[in-house]
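Hydrogens, waters and symmetry mates are skipped; everything else that's a heavy atom, side chains included, is used. Throughout, a chain's letter reflects where its sequence line sits, starting with A, and its residues are numbered from 1. Values in this document were obtained by computation on a predicted structure and should not be read as measured data.
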Amino acid sequence: MTNKLFIYNTLSRQKEEFIPLHENFVGMYVCGPTVYSDVHLGNCRTFISFDLIYRYLLHLGFKVRYVRNITDAGHLEGDRDEGDDKFAKKAKLEQLEPMEIVQKYSLGFHDVMRAFNTMSPSIEPTATGHICEQIEMIKVILTNGYAYEVNGTVYFDVEKYNKEYPYGQLTNRQLDDLLANTRELDGQDEKHGPLDFALWINAKAEHLMKWPSPWGWGFPGWHIECSAMSSKYLGDTFDIHGGGMDLQATHHTNEIAQSQACNHKAPVKYWMHTNMLTVNGVRMSKSAGNGFLPGELFTGNHRLLDKGYSPMCVRFFMMQTHYRSTLDFSNEALQASEKGYRKLMTAMELLDKLKASSTTTSDIITLKNNCYEAMNDDFNTAVLVAQLFEGVRIINSVNAGSETITASDLDTLKKLFNDFVIDVMGLMPEASAGNGIADGLMDLVLSIRTESKTKKDFATSDKIRDSLKQLKIAVKDEKDGTVNWTYEG
RNA sequence: GGUCGCGUGGCCGAGCGGCUAGGCAGAGGUCUGCAAAACCUCGUACAGCAGUUCGAAUCUGCUCGCGACCUCCA
C-alpha cells in the first residue's frame, strides 16, 4: 500500500507529497463562515470537505490542530472599503444588536454542522475576540513599511509589496495583469493604488461595531483576522490552509501578503481549495439567490426540490465527488445518491451478521489497499466510494452464500468499513425508523401476514404488503423466513 | 477583455498514454407463491476536427460550448 499522502497544492498547481512541518503534527486553518445570515449549502460543502480531510489526517495518526474561524465583524458589503458592515446592516434590518445577529447565526451554523456530522474544530476563534492581535499585526505591517494610514483607515500597499514578493502567486497572475483589470480610481478614493485593501477601517459616528486603535475608533478589515488568528494558534508558518475557491483570488492572496509583510515568511505550506456547488449548472451563491438552505434541503420545502433528503444522504452525495470538482445539485442526482447510500448502510448492517468460513474467495487486502490509495491521492473519495461498493458486493455475496470469507478477513473487512465509512467519511446510520408503538404494530401486522402466507392465503398477505407500501413501508421476506421492514422516505 | 478550469454512456461522477471505476436508471437472467432485495450478464461513453505515438478519453494545436475569478460570497 502507498502510505504517502499526496495533496494538491494551489500554490504549485500540482499534487505534492504531504510532509508536515513538525513530524506527526498538522496545523490546519480553514476560513469559516461569516455569521450574518443562514449558512447555505455551498458553505457546507467546503466545511464537509475539510471535515473529511481532518478526519483522514486523524485516521492516519496525525495530531491535528484544526482552526476554523467565525467572522463576526469587519466584513463589508462592497469591496471598496466603505459602506455598511454586514452585521450592522443586518442588525438594523432585524432590529437587533449586531452581536445578537452573530449569536443567532453562529448557533444556527453549529446546528447545521452537527446535522452533517462534522467534527468540531480544535479552536473556533472569532474576529471580535482577536481585535488586539489584529491591531498588533497591522502595527508591524505599518512599521515594516507595507501600509499607510489615511484619515484613520490603514491600507495595505500592494504595489510596494509586489516589488519584493509575488502578490499574485496564488492565482498565477502578474501584478500588471491585475492592475490592467481594475476600475479607475475615482477622485474620492483614499487609496494610493487600486489593488490596495484596508487593514483597519475608520468607523463613522453611527457605526455600531467599533474598537479603539492607534488610528482612532474603527474596525478590522476582512482579511486581517485570518492572518492574525492563524499565526496566533498555528504559528507564522503552518501546514494547511483551506477554503472555498472563491476566496483564492482576493482573500487568500491578501492573507499571504499580510503575513509576509508582517513576518517575512510564507504563512502556509499547502493551500487547498474546494470547488463550488452548482444548481442546474449555475453556481449556488447568496447573491444569485439560487441557494437552498440546509433545512430546506432536509425537508424538501423548496421550489427546486421534489422531496427532502437526509443530512447523511447529502453528505454521501458530496463524498461521491472529488472536493476539487464542481458538484451539481439536481433531484435526479440526489435520488440516485439516496439509494446508493442506503445500499451501503444496509450492507454495513449485514456485515455484523456475516458468518466466517475456513476459506476466502475475495481479496480483502487488495480492497483495503485500494481504499488507502484512493484517499492518499488527494483525498479521492469518489474512488474510495467505488472501492467500498466492491466491498458491498462481497458482503452481499457472502451473505447469499455465493462467496466465503475467513474470520480474519471478516475482521479486516469490518474494520475497513468502520474506518472509512464511519470514521473517515463521517457517515452514520440514519436514526432508527421505529418507535415502540410502530414496532409493536408492525410485529402484529407482519405476524398476521406470515400466518396467511402459511395458509397460502396470498391475497391477504399481498394486500398487507401493498397497503404498507402505500404508507412507504417496504416489506422484505428474507430467505431464512424472517421478515424485515423499512421506511422508504 | 484578462487569468484559469471544464466538456466522459439516459443521469451523476472517477480515471488523465495501453489493463477501458463506481452509483442511479434500463434490458435479460438466477432466486422467490408473487414481490422486494441480492447476485450474474449486457449496453462498449469520453464535445468536434487535425496532429504526436506501435497505441489517446488521457499529450499538442485549432474550433465549438460551459463555468469560475477579476466585484460581497465557501
Side-chain angles (χ1 to χ4, degrees), chain A residues 13 30-34 36-37 39-50 75-80 83 86 168 171-174 176-183 195 222 242-251 253 273-278 281-288 291 316-317 320-322 324-341 343-344 346-347 350 370 374 377 380-390 392-393 395-397 399-403 453 456-458 461-462 465-466 469 474-479 484-486 488:
Chain A
R13 277 164 291 282
V30 174
C31 289
T34 302
Y36 70 101
S37 65
V39 260
H40 78 99
L41 226 50
N43 299 288
C44 293
R45 157 115 109 150
T46 294
F47 303 135
I48 289 170
S49 294
F50 283 104
H75 208 147
L76 294 182
E77 281 290 315
D79 69 316
R80 317 214 66 189
K86 285 186 172 178
T171 43
N172 194 210
R173 274 179 258 194
Q174 298 301 314
D176 290 343
D177 298 331
L178 290 168
L179 285 170
N181 286 300
T182 53
R183 282 178 292 224
L195 258 21
W222 175 38
M245 257 175 199
D246 50 352
L247 298 183
Q248 192 181 327
T250 308
H251 184 57
T253 291
H273 290 97
T274 56
N275 215 137
M276 300 293 105
L277 205 67
T278 59
V282 180
R283 174 181 166 189
M284 185 187 280
S285 72
K286 289 176 186 175
S287 48
F316 175 77
F317 176 58
Q320 282 188 296
T321 312
H322 187 81
R324 279 191 290 112
S325 300
T326 53
L327 208 211
D328 194 49
F329 258 64
S330 66
N331 283 289
E332 256 187 315
L334 245 7
Q335 272 158 34
S337 281
E338 189 170 60
K339 293 194 177 173
Y341 169 67
K343 186 174 173 178
L344 180 66
T346 304
L350 249 186
N370 288 346
D377 182 17
N380 196 330
T381 52
V383 171
L384 205 219
V385 169
Q387 290 301 326
L388 289 171
F389 273 105
E390 169 63 14
V392 168
R393 208 209 89 241
I395 291 167
N396 287 326
S397 296
N399 182 243
S402 58
E403 292 202 32
K453 273 180 68 183
K456 305 259 184 216
D457 177 9
F458 296 121
S461 68
D462 286 354
R465 188 174 61 199
D466 293 345
K469 195 178 172 76
V475 175
K476 288 184 210 170
D477 297 328
E478 303 294 344
K479 282 199 176 134
N484 283 328
W485 64 276
T486 48
E488 288 185 330

Assess whether one donor atom and one acceptor atom, taken from the side chain of [X] and the base of [N], lie less than 3.5 Å apart.
X	N	result
A:R465	B:C34	yes
A:D328	B:C11	no
A:N275	B:G5	no

Take the protein atom [atom1] of [X] and the nucleotide atom [atom2] of [N], then report the distance between them rounded to whole Å.
X	N	atom1	atom2	value
A:D246	B:C72	CG	C1'	10 Å
A:L388	B:G23	CG	P	11 Å
A:M245	B:A68	CE	P	13 Å
A:L327	B:A14	CG	C1'	13 Å
A:D462	B:U32	CG	P	17 Å
A:L277	B:A68	CG	C1'	14 Å

[N] and [M]: how far apart are their [atom1] atoms, nearest whole angstrom?
N	M	atom1	value
B:A56	B:G18	C1'	9 Å
B:C4	B:A38	P	47 Å
B:U53	B:G48	P	22 Å
B:G15	B:A68	P	22 Å
B:A47	B:C64	C1'	8 Å

Practice task
Check whether the aromatic ring of A:F458 stacks on the base of B:G33, taking stacking as ring centres less than 5.5 Å apart and planes within 30° of each other.
Solution key: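 Taking the rule of under 5.5 Å and under 30°, the ring of A:F458 does stack on B:G33.
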Problem - Check: A:Y341 ring centre within less than 6.0 Å of A:F317 ring centre - result: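 Ring centres of A:F317 and A:Y341 not closer than 6.0 Å.
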Exercise for the section: Mind checking the CZ-OG spacing from A:R324 to A:S49? Nearest 0.5 Å is all I need. Expected result: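 OG of A:S49 is found 11.5 Å from CZ of A:R324.
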Which nucleotide, in any strand shown, forms a Watson-Crick or G-U wobble pair with [N], with both distances under 3.5 Å?
N	result
B:U30	B:A38
B:C59	B:G51
B:G2	B:C69

Exercise for the section: Classify the nucleic acid contact of A:T326 as base, sugar-phosphate or nothing, counting any heavy atom under 4.0 Å across all strands shown. Expected result: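 Answer is sugar-phosphate: A:T326 comes under 4.0 Å of backbone atoms only.
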Exercise for the section: Kindly say if A:K343 contacts the phosphate of B:A37, meaning a side-chain N or O under 4.0 Å from OP1 or OP2. Expected result: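 False: A:K343 side-chain N/O out of range (4.0 Å or more) of B:A37 OP1/OP2.
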Problem - Pairing of A:D466 and A:K469 as salt bridge, 4.0 angstrom limit - result: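 No.
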